[in-house]
Amino acid sequence: MHAETEPAPRPVPGPPPGRQPQEQAVDPVAAIDGAVAALDDLDELPPAEHVERFDTVHTALSVALSSIDKV
């Protein structure tokens, strides 16, 4: 009979060699205010450009909000 053994844990990849993760000093409130301010002139843009602006704001908000919990 074969004894059941746990498989060895697999290594978790880290950052590329030579590049250390850097702490980014992001002020979440300022970043959120800046992202929302990017929508101020939305009514002056053609509707075809709205999607790109919303995508940019969404990305900026995601970065700002993720910096709050260091996620």
Side-chain angles (χ1 to χ4, degrees):
M1 297 200 140
H2 297 288
E4 301 230 1
T5 60
E6 293 287 323
R10 293 183 175 206
V12 176
R19 295 189 72 199
Q20 298 298 322
Q22 298 177 359
E23 287 290 320
Q24 293 182 355
V26 175
D27 177 14
V29 175
I32 291 169
D33 289 342
V36 172
L39 297 175
D40 288 345
D41 64 344
L42 193 64
D43 59 341
E44 299 170 9
L45 295 176
E49 295 180 22
H50 288 194
V51 172
E52 182 179 349
R53 181 67 60 96
F54 282 123
D55 284 343
T56 302
V57 170
H58 180 263
T59 300
L61 289 173
S62 296
V63 169
L65 292 175
S66 68
S67 72
I68 292 171
D69 294 329
K70 305 293 183 216
V71 176

Revision key, fill the gap. Tightest non-hydrogen contact, residues Ala31 and Ala64, listed as CB-CB, 3.5 Å
Review point. Asp43: what forms a salt bridge (Lys or Arg N to Asp or Glu O under 4.0 Å) with it, not counting sequence neighbours?
Key: none
Practice item. Output yes when a side-chain donor or acceptor of Arg53 lies under 3.5 Å from a complementary backbone atom of Leu39, and no otherwise. Key: no
**Study point:** Side-chain touch Val36/Val57, heavy atoms, less than 4.5 angstrom
**Key:** no
**Study point:** Value rounded to 0.5 Å, distance of NE2 in His50 from CG in Leu45
**Key:** 5.5 Å
